[in-house]
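Throughout, a chain's letter reflects where its sequence line sits, starting with A, and its residues are numbered from 1. Computation of the quantities below employed the complete heavy-atom set of this structure, encompassing side-chain atoms and omitting hydrogens, waters and symmetry-equivalent molecules.
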Number of protein chains: 2
Amino acid sequence: METYRGPDGWEILGDPSRRAIVECLARRPRAVGELAEELPISRPAVSQHLRVLKDAGLVDDEAAGTRRVYRLNPAGVSALRDQLDMFWQRTLRGFEEIVENEEQA
Amino acid sequence: METYRGPDGWEILGDPSRRAIVECLARRPRAVGELAEELPISRPAVSQHLRVLKDAGLVDDEAAGTRRVYRLNPAGVSALRDQLDMFWQRTLRGFEEIVENEEQA
DNA sequence: CCAATCGGTAAGTTGTAACTTACCGTTCGT
DNA sequence: ACGAACGGTAAGTTACAACTTACCGATTGG
């Protein structure tokens with residue numbers, strides 16, 4: 001089915017668990033198990049989400065003994081932010097013209 | 001499955017067809033059939049997306065003969081925008097502190 | 001070493017959202 | 001009044017993403 005393609009920023013942050021992980025990592029870096037404790041999902045599920053976030057460049061990971069610490073990647077975050085902003089710019093340009101026209105009526 | 005709940009802004013704009021519709025309506029109001037012509041999906045599919053967008057307060061519709069013209073609802077759009085911004089604010093607060101700390105190292 | 005901790009991966013399930021086709025009511029022009 | 005255009009809705013399918021459990025390798029401490 002899938003009409004268009006590409007795991008863009010919307011698809012990445014479209015998942016609530018992923019957003020929770022991002023917010024969590026924004027406060028401080030965490031190991032996988034720590035994240036799982038704070039979320040209502042299993043550790044493997046967290047692992048899979050982290051994979052998506054890492055592929056998207058949103059997080060970096062670092063081995064620390066048997067643990068693996070994940071942290072937000074500032075560059076990735078701001079890139080994603082920019083990507084989403086583009087949608088609003090495209091949408092709101094042209095749109096404000098319409099609003100102005102209608103407010104005359 | 002679904003861990004959290006609520007058709008929030010992310011779920012609404014998470015769908016590419018819906019984003020395309022919003023961008024389309026941002027340029028100018030359109031009838032359902034017109035939208036369907038510009039999109040690679042059927043007219044009923046468009047109708048269903050419009051329902052979601054209308055329930056979310058993102059679009060308004062107006063009967064015009066046998067046709068029904070949809071247009072973006074400015075208030076809804078800006079409300080949605082604000083909702084998404086809240087995520088970034090929550091995320092980026094606390095996060096910039098971390099970035100600053102790391103840039104010292 | 002051995003046991004324990006930690007995390008990634010494989011495999012399988014399952015709910016759901018995005019579509020389709022088919023149908024029906026409404027509006028309008030002639 | 002009839003046919004055509006238009007759009008909403010019902011019903012069914014289907015692809016997929018988000019989970020789960022089970023397993024396995026790697027690291028570490030005693």
Side-chain angles (χ1 to χ4, degrees), chain A residues 1-25 28-72, chain B residues 1-25 28-72:
Chain A
M1 266 141 205
E2 272 306 322
T3 308
Y4 304 86
R5 271 296 58 198
D8 56 10
W10 291 102
E11 318 227 1
I12 290 163
L13 290 185
D15 181 80
S17 298
R18 232 127 54 199
R19 284 199 302 277
I21 289 174
V22 168
E23 287 193 55
C24 218
L25 292 180
R28 63 186 123 99
R30 316 214 178 221
V32 180
E34 290 175 311
L35 281 168
E37 280 174 10
E38 305 203 22
L39 297 174
I41 58 179
S42 70
R43 189 191 48 73
V46 171
S47 227
Q48 288 157 11
H49 284 305
L50 285 171
R51 159 103 90 155
V52 173
L53 294 173
K54 187 177 178 186
D55 287 347
L58 265 183
V59 302
D60 288 326
D61 57 332
E62 177 191 6
T66 79
R67 311 198 315 155
R68 183 156 283 263
V69 176
Y70 282 81
R71 70 187 66 246
L72 239 45
Chain B
M1 263 143 207
E2 273 303 322
T3 307
Y4 305 85
R5 267 298 57 197
D8 55 10
W10 291 102
E11 317 227 0
I12 289 163
L13 291 186
D15 182 81
S17 297
R18 232 128 53 199
R19 284 199 301 278
I21 289 173
V22 168
E23 288 193 56
C24 219
L25 292 181
R28 64 187 122 100
R30 311 208 181 228
V32 180
E34 289 175 311
L35 280 168
E37 279 173 11
E38 306 204 20
L39 297 174
I41 58 179
S42 69
R43 189 192 47 74
V46 172
S47 227
Q48 289 156 11
H49 284 305
L50 285 171
R51 159 102 91 155
V52 173
L53 294 173
K54 187 179 179 185
D55 287 346
L58 265 182
V59 302
D60 288 325
D61 58 333
E62 178 191 5
T66 80
R67 312 197 316 155
R68 183 157 283 263
V69 176
Y70 282 79
R71 70 187 66 246
L72 240 45

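When the nucleotides D/dC19, C/dG7, D/dG8 are ranked by their closest atom to the side chain of A/V32, C/dG7 comes out on top.
Electrostatic pairing of B/R43 and B/E37 does not count as a salt bridge here, judged by no charged N lying under 4.0 Å from a carboxylate O.
Taking atom CH2 of A/W10 as the reference point, atom P of D/dA17 lies 19 Å away to the nearest angstrom. For A/L39 and C/dG7, the CG to P distance is 14 Å, given to the nearest whole Å. What separates CG of A/L50 from P of C/dC6 is a distance of 16 Å, to the nearest Å. Distance CG (B/D61) to P (D/dG8): 7 Å, rounded to an integer number of Å. For the pair A/E11 CD and D/dC16 C1', the interatomic distance rounds to 11 Å; values are reported in whole Å. Protein atom CZ of B/R68 is 12 Å distant from nucleotide atom P of C/dC28, rounded to whole Å. At whole-Å resolution of the value, CZ in B/R19 and C1' in C/dA18 are 14 Å apart.
Between B/E11 and B/R18, the closest heavy-atom pair is O-NH2, 3.0 Å.
Taking for each of B/Q48 and B/R43 the nucleotide of DNA chain C with the nearest heavy atom, the 5'-most of the two is the partner of B/Q48. Ranked by how close their nearest DNA chain D nucleotide is to the 5' end, A/D15 and A/G65 are led by A/D15. Map A/R18 and A/P44 each onto its nearest nucleotide of DNA chain D; the residue landing nearer the 5' end is A/R18.
OP1 or OP2 of D/dC19 sits under 4.0 Å from a side-chain N or O of A/S17. OP1 or OP2 of C/dG8 has at least one side-chain nitrogen or oxygen of A/Y70 nearer than 4.0 Å. For A/R67 and D/dA26, the shortest distance from a side-chain N or O to OP1 or OP2 is not below 4.0 Å. A sub-4.0 Å separation between OP1 or OP2 of C/dC19 and a side-chain N or O of B/H49 is present. Taking side-chain N and O atoms only, A/T66 has no distance below 4.0 Å to OP1 or OP2 of D/dA26. A/S47 has a side-chain polar atom (N or O) that falls below the 4.0 Å cut-off from OP1 or OP2 of C/dG8.
Residue contacts for A/A31: at a heavy-atom cut-off of 4.0 Å it reaches the sugar-phosphate backbone alone, with no base atom in range. In this structure, A/R51 reaches the sugar-phosphate backbone alone: every heavy-atom distance under 4.0 Å involves primed, P, OP1 or OP2 atoms, never a base.
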Would B/R68 and B/D61 satisfy salt bridge (Lys or Arg N to Asp or Glu O under 4.0 Å), going step by step from the backbone distance to the final call? CA-CA 7 Å; B/R68 183 157 283 263; B/D61 58 333; 2.6 Å; yes

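Here the straight-line distance linking atom CD of A/E23 with atom CZ of A/R19 works out to 8.0 Å at 0.5 Å rounding. Residue A/L72 holds its CG atom at 8.5 Å from CG of A/L53, rounded to the nearest 0.5 Å.
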